[in-house]
Amino acid sequence: MTVGNKENEEFAPSILVFSTDSISDPGIDLAGSSHLAYPSTVSVISLPCSSGIKPKWILHAIEKGFDGVFIAADGTDCPFLPDCTTRTAKIADTAQSLLKEKGYDPQRVKMGAICSVCAEPFANHMRNFFNALQKIGPAKKGGGKDGI
Amino acid sequence: MEYDVLVIGGGIAGMESAINLGEAGYKVLLVEKEPSIGGKMILLSKVFPTLDCASCISTPKMAETAHHPNITTMTYSEVMEVKRNGSGFNAKILKKPKYVNESACTGCQDCERACPVNVKYDEFNFDLVGRKAVFIPFPQAIPKVAVIDIDNCILCGACERACPASAIDFTQVPEEIEVNVRSVIVATGFKLFPAERKPQYGFGKFKNVINAMQMDRLLAPTRPFNTVLRPSDGKEAENIAYVLCTGSRDRTVGNPLCSQICCMYSIKQAQLILGALPLADVTLYYMDIRAFGKGYEEFYKQTRDMGVQFIKGRVAKIEERENGNLILRYEDIENGGRVQETEHDLVVLSVGLLPTPEITSIFKEEKLELDDYYYVKQVDEDLSPARTSIEGVFVAGTAYGPKDIPDTILSAGAASSEATAYMETTRRQK
Amino acid sequence: MTERKVGVYICHCGGNISDYVDVHKVRDVVESEDGVAIAKTTMFACSDAGQQEMIDDIKEQKLDGLVVASCSPKLHLLTFRGVAKRANLNPYQYVQVDIREQDSWAHREDHEGATEKAIRLVRAGIAKVRQSQPLKPTEVETVKKALIVGGGIAGLRAALVLADMGIYVYLIEREEKVGGWASKFSVMYPHDKSGKELIGELLSEVAKRGSKITIFTNAELLKKGGYLGNFDITVGIGGDTNEAETINLKVGAVIVATGFDTYKPKQGEFGYGLKGVVTLPEFKAMVEASDGKLEYDGQQVKNVTYIYCVGSRQKADVENANTYCSRYCCNAAIHTSTLVSKVDPTVHQFHLYRDIRTYGKYETLYEETQKMGSVFLKFDEDEPPVVDSSDGTLRVRVKDLLTDREEIEIDPDLVVLVTGMVPRENAGLTNALKIPLGRDRFYNEIHPKLRPVETVIDGVYIAGAAQGPKNSSESVASALAAASKAAGLVMKGYTELQPLVAYVDPDKCEWCGLCAEACPYEAIEKSTDEQRGKEIATVTGMLCKGCGGCVPVCPTDAIQVKDYEDHTIMDAIDALLEEV
Amino acid sequence: MEKVNPDFLDNVKEMGAFDISACYSCGNCTAVCPLSTEEYSFPRKMIRYSMLGIEDKILSGPELWQCYYCGECTDTCPREADPGGLMMALRRYTIRQYSVGKIADIFYGGTSSVIAWVFLSLVAIAGLVYFHNPTPNLQRVDPLSFITLDFLHYAGMVLGIVIAFFAIAQLVIMWRSLYKDEMHVTIGEWWQSFWDILINEVFIQKTFNECEDKNRYWAHLALLWGFLGLFLATILAFGIDFLISVDSGLKIIPHVLGIVSGLVLLYGSGYYLYRRYFIKDSYSKYSHHSDWVFIWLMFLAGLTGFLLDLFVWINLPWPAYIAFAVHLVVVFDLLLTAPFAKFAHAMYRPLALWISKTYSNKEKVQQAQA
């Protein structure tokens with residue numbers, strides 16, 4: 001992990017994943033038990049439901065040094081809220097506008113439905129997001145501009 | 001050992017009954033013959049008509065069952081005998097050796113990777129792929145513990161050496177356990193119709209003729225090949241046919257019943273295929289589309305609007321071409337009643353459900369009666385759907401007839417309800 | 001600096017972790033974290049020895065927090081909660097950090113990265129434990145009584161089984177008499193049982209239960225108050241609600257079994273209104289009343305023609321379309337036709353259908369009626385049969401898809417419109433109970449696959465055709481299933497609720513109602529905070545599922561979910577980002 | 001627009017097809033049928049017409065006669081509705097419908113057919129009793145010393161005229177229901193397909209050979225050739241008697257032909273009798289009495305013809321004359337009822353096949369031109 005050396009050529013973006021206990025967490029676990037590799041700069045925080053993520057947490061994560069935040073949404077499999085997808089999408093939207101306000105690239109937030117056996121999709125999401133963030137470049141810790 | 005209820009079968013019917021009873025405060029023993037609970041549902045891709053991911057909604061149920069303080073789960077075990085004993089029953093259970101210490105195994109699969117034996121069939125992938133002689137049944141298995149298939153094991157000890165937890169234990173022997181229970185719930189589920197019994201469809205002979213359970217595995221997120229490939233040459237299928245009523249509504253194979261779920265699972269798979277292979281054509285050959293449950297008709301309509309072809313006509317025979325493609329012969333009933341021969345590169349047989357009549361043999365002294373079609377007989381379907389010919393023994397799920405998942409859950413609720421009422425009334429009578 | 005004393009255990013998992021993660025390095029780094037009293041590596045945390053070591057440490061060192069960095073919590077969360085319990089540590093002060101599935105196994109080619117990640121994850125776990133509080137599941141007493149709304153076959157059957165379980169039952173019925181639709185039929189499929197007799201049987205059983213079941217007729221549910229397991233129900237008795245005498249009932253669970261109505265065709269729909277055109281329920285009554293001879297209007301009936309899917313499977317562009325399939329009607333019509341053949345085998349019967357849906361064992365009914373001589377013709381939804389009697393003869397014209405789309409003409413004595421089920425008009429009840437309706441306007445279950453009798457309102461269950469079309473034995477099954485769920489709630493006299501629920505900071509809350517809107521479980525209500533002299537939101541912990549759906553909508557950050565508070569999450573984020 | 005006739009199926013069911021109501025129109029029978037074509041698809045369509053009582057569609061098509069009752073449809077019918085049985089029942093029904101003055105009805109009714117067969121046989125026996133020579137040659141077998149050539153000659157002529165009258169009248173009836181004016185078929189086209197049908201369908205029975213059960217095909221061919229052979233032997237024998245001499249050495253030819261044909265016919269009819277009695281193939285599960293009578297008459301005709309020749313050969317006068325008498329009675333029954341009983345298919349089928357073949361040839365030509 002190269003959080004400290006973001007200016008280096010080989011920039012390894014750090015990614016925070018918000019996942020959910022009953023749906024996306026097992027999917028992410030399965031990626032590991034299937035030995036599907038994705039960057040080690042990906043870390044996960046689990047919540048009960050992706051509709052409970054606060055946009056300001058996302059902003060906090062970026063401001064404090066994560067280069068991207070991925071929301072592993074429950075999608076239609078959510079055990080709590082039938083409109084979970086819509087709600088989560090709204091949260092992602094709000095987070096994106098918050099980032100924009102602060103001068104960050106809104107692309108630093110991404111959302112995807114990860115089901116409890118979506119190991120492969122998760123690993124793919126991570127690799128793609130990682131690559132995309134490499135292009136965007138490191139987020140300036142403490143509120144620097146992304147240059148947009 | 002004493003329990004309130006013995007539930008035979010750890011599929012969704014058994015799990016639901018067990019959870020209901022556990023919640024109401026009864027001690028439940030759930031016995032499952034496979035190494036994991038979950039039944040057939042956990043192996044499915046998604047479920048109709050909501051397209052929920054099957055394992056997303058069934059894994060929590062499995063975990064709830066396995067971790068419920070009032071439920072004891074015994075996997076890889078079979079109930080050998082149930083006999084009346086006072087106001088309850090005495091049951092003998094055979095715990096088959098997994099040759100793995102369940103409490104030590106961490107589910108890491110190192111043994112699986114070390115095992116040199118490639119077994120050609122994998123029952124949890126419906127033989128689409130092979131597995132090792134030591135294996136974890138499937139990724140979401142509960143308990144997530146390896147099991148050694150001793151019939152195929154060469155006793156080389158590779159797994160033993162690879163296991164970091166020293167969990168491999170070849171000294172295990174079958175163990176017979178006797179328990180006393182007050183009530184029994186039979187939730188032994190169904191068997192898939194063996195498509196070989198319709199030789200005109202060439203299942204087992206033509207490589208690109210598969211059954212719908214195999215297709216569900218190909219579509220599942222944990223699928224073996226990671227895409228929908230046809231078995232003969234690993235090409236992505238472009239033109240897929242579904243043959244409905246394979247082994248159902250068919251007196252020539254001795255099953256005049258409709259299997260109740262095949263129309264809908266075929267429609268579901270058709271939708272999933274359109275998602276997985278956007279360029280593929282999917283055709284369903286059917287007799288009547290039985291989309292009768294809540295939201296099913298709408299789902300069927302949606303599938304038609306997505307471009308899936310529905311042709312009324314029972315496929316009479318299938319022939320194989322040299323390139324592995326298949327020719328289906330049928331009468332296109334609604335369009336002139338002409339005999340047609342159509343070529344497809346993959347054929348899915350929508351196999352029906354068959355009963356599991358073997359269960360009757362474990363009941364001694366009293367007879368667990370079967371109905372005309374060898375399902376467990378409901379002695380009072382109108383008012384007590386879960387009641388069987390033996391007082392205190394109840395039936396849940398597809399053990400008494402074909403059912404979709406919601407109906408199975410209802411029947412499991414009915415069984416747990418009636419078992420509760422039975423135990424409470426007998427307790428009061430005492 | 002925290003006062004907390006946290007124990008951290010990093011599992012080798014026999015190499016599954018330690019082969020990729022330098023567990024000793026992780027230990028060395030986190031040892032010095034704020035609040036860590038003890039940090040160890042362990043070969044198998046889950047083994048008996050591993051568990052005992054933790055218990056001993058917790059007891060000896062008086063630890064008040066536990067972090068186990070091992071495999072996925074899906075495997076061993078409960079194991080280590082058990083460890084905590086046995087060591088007299090509150091289980092909610094334990095956190096499991098997944099460094100196997102989400103670390104060592106996912107980054108096998110990157111040992112350094114995996115080790116670094118493990119350090120960050122464990123730090124986040126420690127941060128979380130530092131914020132943790134001892135929590136207890138709330139135990140709620142439940143009233144061992146149930147209310148059943150609707151006295152049809154489903155309601156009566158549920159009442160009986162609940163009474164047998166030892167649960168006191170109130171049953172309220174809107175009509176003058178209980179019995180519902182089933183009591184109107186003398187023969188029903190599949191076993192030719194008489195509905196009247198079945199209801200009679202149920203009523204005599206109900207009578208035997210004596211005071212365990214109380215039935216109110218002419219009664220309607222007016223209001224529901226209280227909370228899970230302790231509902232206060234107001235029932236109005238005696239017709240018009242204004243004059244109604246009201247009674248109050250305290251129950252632990254409510255089962256709604258209000259049944260269905262039959263579809264009434266519009267004037268002119270498939271000839272409805274013409275002489276000789278009747279609906280299936282009307283025809284059924286005729287057949288049951290017939291005494292060896294089927295007659296209509298004084299004339300012997302020799303030819304009956306059925307038209308299926310009337311009022312079901314309608315196209316979406318029809319006004320108030322019933323796009324659903326009504327499930328029971330194919331079977332019911334076919335069963336009726338077997339009765340006709342038994343009354344008079346010479347009656348010719350033609351069935352004009354779209355798909356015959358005699359699912360499961362009912363297929364044998366279909367076969368039976370065919371063998372008795374019923375002939376089936378299939379029509380296209382775009383070319384439905386036409387019924388008219390313009391020249392004095394009742395005539396049906398249909399293009400039969402089975403006969404090369406040949407236009408067929410039948411001159412029946414009777415046309416039977418096979419009508420389906422429609423949801424019953426129940427606006428008052430729906431309002432009082434707040435159960436959502438589905439697109440088909442039947443009551444909606446919380447999940448159509450695995451939770452077909454539960455609703456978003458905990459403790460309120462739906463049974464029978466109120467949830468969707470069903471035949472009588474299916475209604476009975478669902479009534480029993482609903483009873484089972486109700487029993488799970490009230491049987492023990494108490495229920496345990498998980499403590500991780502939402503709560504409101506009254507200082508921050510300026511009631512806006514957004515959180516209440518966001519909650520489908522009716523867990524948030526407006527209340528007055530006397531102390532602060534303002535209106536605020538209050539969470540009924542018993543109704544809250546802890547999903548957090550309300551959290552992001554709050555404009556003042558006043559609502560939080562326990563264990564997932566702002567500071568917990570942000571601390572965890574900070575911990576993840578700390579320099580290694 | 002077709003009006004349903006709900007009674008129609010009841011009438012057909014008197015001729016068999018008892019299980020057909022179980023049909024749920026899946027189309028398996030039609031798809032599995034080796035003889036059903038895009039153009040003429042059966043049996044399911046025939047089932048539909050029967051259920052709805054659309055009689056003219058059944059009578060105006062060749063499908064009934066294109067079916068050889070291989071039984072595959074019945075074997076694989078998921079509802080065990082016996083679609084092949086319906087085709088047979090419809091054929092019996094159709095033979096009755098075509099027959100002049102509804103004479104065929106007699107041979108399909110229960111009591112009436114017993115009376116008819118007994119009566120016909122008695123007429124034949126009475127004729128023999130009246131016309132036979134009470135003092136036949138007992139030294140050397142000479143059938144013509146038992147029954148005079150003249151009698152046989154004239155009786156044969158009368159019989160021939162009667163049969164021909166009915167056969168032609170009924171074929172005309174069939175022709176008219178199958179004939180389509182709008183096809184504009186030329187004489188040449190009729191002629192061309194005539195030979196095709198005669199050789200391929202009558203003599204070789206090519207279509208029958210497409211059924212899976214080859215034994216049945218050979219047995220049917222044996223029946224046909226055996227019968228034709230015996231017929232030819234009889235004519236040859238008479239011809240030699242008339243034109244050359246009763247003692248001509250050429251008579252060896254009809255003798256040998258008769259023996260061979262008799263054996264062949266015995267094989268064919270014996271095969272069918274055996275299958276119907278002992279092996280219940282799907283096509284022989286149900287036998288209408290009209291089937292039994294026909295197959296027994298065939299068998300007896302072959303047997304007595306063969307015995308006659310045998311006895312002539314080894315010179316056993318009385319057995320030969322008795323065999324001859326029985327043979328004549330059987331042949332009389334068989335031939336006189338040929339236009340009405342099951343034998344009638346031998347004339348209806350070729351005609352139906354001829355017409356349909358001509359039309360499909362014509363259609364192909366028209367399509368090619370278009």
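Here is how names work: the chains are called A, B, and so on, in the same order as the sequence lines, proteins then strands, and each is numbered from 1. Please read these numbers as outputs of a predicted model, since none were measured by experiment.
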Novice: Only pairs of heavy atoms separated by less than 4.5 Å count here; which of C/Arg157, C/His12, C/Met43, C/Arg354 has the most with chain B?
Specialist: C/Arg157

Novice: Mind ranking B/Ser58, B/Ser103, B/Ala291 by heavy-atom pairs under 4.5 Å with chain C and telling me who comes out on top?
Specialist: B/Ala291

Novice: With a 4.5 angstrom heavy-atom cut-off, is it the side chain or the backbone of B/Arg427 that approaches chain C, or both, or neither?
Specialist: neither

Novice: Give the member of C/Gly360, C/Cys46, C/Ser475 that has the highest number of heavy-atom pairs under 4.5 Å with chain B.
Specialist: C/Gly360

Novice: For the backbone of B/Arg290 and the side chain of C/Asp355, can you confirm whether one donor and one acceptor N or O come within less than 3.5 Å of each other?
Specialist: no

Novice: Which heavy-atom pair separates C/Tyr353 from B/Lys312 by the least distance, and what is that distance?
Specialist: OH-NZ, 4.3 Å

Novice: Determine whether C/Ser484 and B/Glu418 satisfy the following criterion, side chain to side chain contact (heavy atoms under 4.5 Å, CB included), listing intermediate values before the conclusion.
Specialist: CA-CA 8 Å; C/Ser484 196; B/Glu418 293 199 57; over 6 Å; no

Novice: Is C/Lys74 in contact with chain B via its backbone, its side chain, both, or neither, using a 4.5 Å heavy-atom distance?
Specialist: backbone

Novice: Only pairs of heavy atoms separated by less than 4.5 Å count here; which of B/Gly25, B/Gly336, B/Cys263, B/Pro402 has the most with chain C?
Specialist: B/Gly336

Novice: Heavy-atom distances under 4.5 Å only: say whether C/Cys13 touches chain B with side chain, backbone, both or neither.
Specialist: both

Novice: Pick one of side chain, backbone, both or neither for B/Met423, based on which atoms fall under 4.5 Å of a heavy atom in chain C.
Specialist: neither

Novice: So which part of C/Phe44 gets closer than 4.5 Å to some heavy atom of chain B, the side chain, the backbone, both or neither?
Specialist: side chain

Novice: Do you know which two heavy atoms are closest between C/Gln467 and B/Lys294, and how far apart they sit?
Specialist: O-NZ, 2.5 Å

Novice: Check whether C/Glu101 gets within reach of chain B through its side chain, its backbone, both or neither, counting any heavy atom under 4.5 Å.
Specialist: neither

Novice: Check this for me: B/Phe299, atom CZ, are more than 12 non-hydrogen atoms of other residues, nucleotides or ligands nearer than 6.0 Å?
Specialist: yes

Novice: B/Thr106 and C/Arg100: side chain to side chain contact (heavy atoms under 4.5 Å, CB included), yes or no, with the steps?
Specialist: CA-CA 11 Å; B/Thr106 67; C/Arg100 190 174 80 163; 3.2 Å; yes

Novice: Of all of B/Ile333, B/Asn20, B/Ile57, B/Leu383, which one pairs up most often with chain C through heavy atoms under 4.5 Å apart?
Specialist: B/Leu383

Novice: What part of C/Lys193 lies closer than 4.5 angstrom to a heavy atom of chain B: side chain, backbone, both or neither?
Specialist: side chain

Novice: Of the non-hydrogen atoms in C/Leu480 and B/Ser417, which two are nearest, and what is the gap between them?
Specialist: O-OG, 2.8 Å

Novice: Using non-hydrogen atoms and a 4.5 Å limit, figure out which bit of B/Asp382 sits close to chain C: side chain, backbone, both or neither.
Specialist: both

Novice: Give, as side chain, backbone, both or neither, the part of C/Thr364 having an atom under 4.5 angstrom from any heavy atom of chain B.
Specialist: side chain

Novice: Name the region of B/Thr50, side chain, backbone, both or neither, that has any atom closer than 4.5 Å to a heavy atom of chain C.
Specialist: side chain

Novice: Contact part of C/Ala158 toward chain B, heavy-atom cut-off under 4.5 Å: side chain, backbone, both or neither?
Specialist: neither

Novice: So which part of B/Ser384 gets closer than 4.5 Å to some heavy atom of chain C, the side chain, the backbone, both or neither?
Specialist: both

Novice: Looking only at heavy atoms and a cut-off of under 4.5 Å, which of C/Arg313, C/Met188, C/Glu496 has the most pairs with chain B?
Specialist: C/Arg313

Novice: Taking everything shown except C/Lys144 itself, do over 12 heavy atoms lie less than 6.0 Å from its NZ?
Specialist: yes

Novice: Flag the one option from C/Ile356, C/Leu401, C/Thr79 with the top tally of heavy-atom pairs under 4.5 Å to chain B.
Specialist: C/Ile356

Novice: Tell me, for C/Lys485 versus chain B, whether the close heavy atoms (under 4.5 Å) come from the side chain, the backbone, both or neither.
Specialist: side chain

Novice: What part of C/Ile153 gets closer than 4.5 Å to chain B, counting heavy atoms only: side chain, backbone, both or neither?
Specialist: side chain

Novice: Check the pair C/Lys449 / B/Phe48 against side chain to side chain contact (heavy atoms under 4.5 Å, CB included), numbers first and verdict last.
Specialist: CA-CA 8 Å; C/Lys449 291 309 266 194; B/Phe48 58 83; 3.8 Å; yes

Novice: Please check if the number of heavy atoms outside C/Glu197 that lie under 6.0 Å from its CD is greater than 12.
Specialist: no

Novice: Identify whether the distance between the nearest side-chain nitrogen and carboxylate oxygen of B/Glu381 and C/Lys361 falls below 4.0 Å.
Specialist: no

Novice: Within this structure, what is the SG-CH2 distance for the pair B/Cys108 and C/Trp105, rounded to the nearest 0.5 Å?
Specialist: 5.5 Å

Novice: Under 4.5 Å from any heavy atom of chain C, what part of B/Ala63 do you find: side chain, backbone, both or neither?
Specialist: neither

Novice: Pick one of side chain, backbone, both or neither for C/Leu402, based on which atoms fall under 4.5 Å of a heavy atom in chain B.
Specialist: both

Novice: Applying salt bridge (Lys or Arg N to Asp or Glu O under 4.0 Å) as the test, list every pair that has at least one member in residues 59-70 of chain B; sequence neighbours left out.
Specialist: B/Glu16-B/Lys61

Novice: The criterion is side-chain contact (heavy atoms from CB on, under 4.5 Å); which residues satisfy it with B/Arg304, sequence neighbours excluded?
Specialist: B/Glu297, B/Tyr300, B/Lys301, B/Phe310, C/Glu381

Novice: What distance do C/Asp404 atom CG and B/Arg338 atom CZ have between them, rounded to the nearest 0.5 Å?
Specialist: 7.5 Å

Novice: Quick one: do B/Tyr422 and C/Asp164 satisfy side chain to side chain contact (heavy atoms under 4.5 Å, CB included)? Show the steps, please.
Specialist: CA-CA 8 Å; B/Tyr422 170 79; C/Asp164 286 345; over 6 Å; no

Novice: When only pairs under 4.5 Å are counted, which of B/Arg428, B/Gln378, B/Met287, B/Met41 shares the most heavy-atom pairs with chain C?
Specialist: B/Arg428

Novice: Using 4.0 Å as the upper bound for N to carboxylate O, is an ion pair formed by B/Glu298 and C/Arg439?
Specialist: no

Novice: Run the side-chain hydrogen bond (donor to acceptor under 3.5 Å, both in side chains) test against B/Asn255 and tell me which residues pass, sequence neighbours left out.
Specialist: none

Novice: Which one wins on heavy-atom pair count under 4.5 Å against chain B: C/Val490, C/Val476, C/Leu450, C/Leu489?
Specialist: C/Leu450

Novice: In terms of heavy-atom proximity below 4.5 Å to chain B, should C/Asn444 be classed as side chain, backbone, both, or neither?
Specialist: both

Novice: With rounding to the nearest 0.5 angstrom, report the OH to CZ distance, C/Tyr359 to B/Arg249.
Specialist: 14.0 Å

Novice: Under 4.5 Å from any heavy atom of chain B, what part of C/Tyr328 do you find: side chain, backbone, both or neither?
Specialist: neither

Novice: Hey, which of C/Glu363, C/Arg357, C/Met491, C/Lys470 has the most heavy atom pairs under 4.5 Å with chain B?
Specialist: C/Arg357

Novice: Just checking heavy atoms, which of residues 403-413 of chain B are less than 4.5 Å from chain C?
Specialist: B/Ile405, B/Pro406, B/Asp407, B/Ile409, B/Leu410, B/Gly413

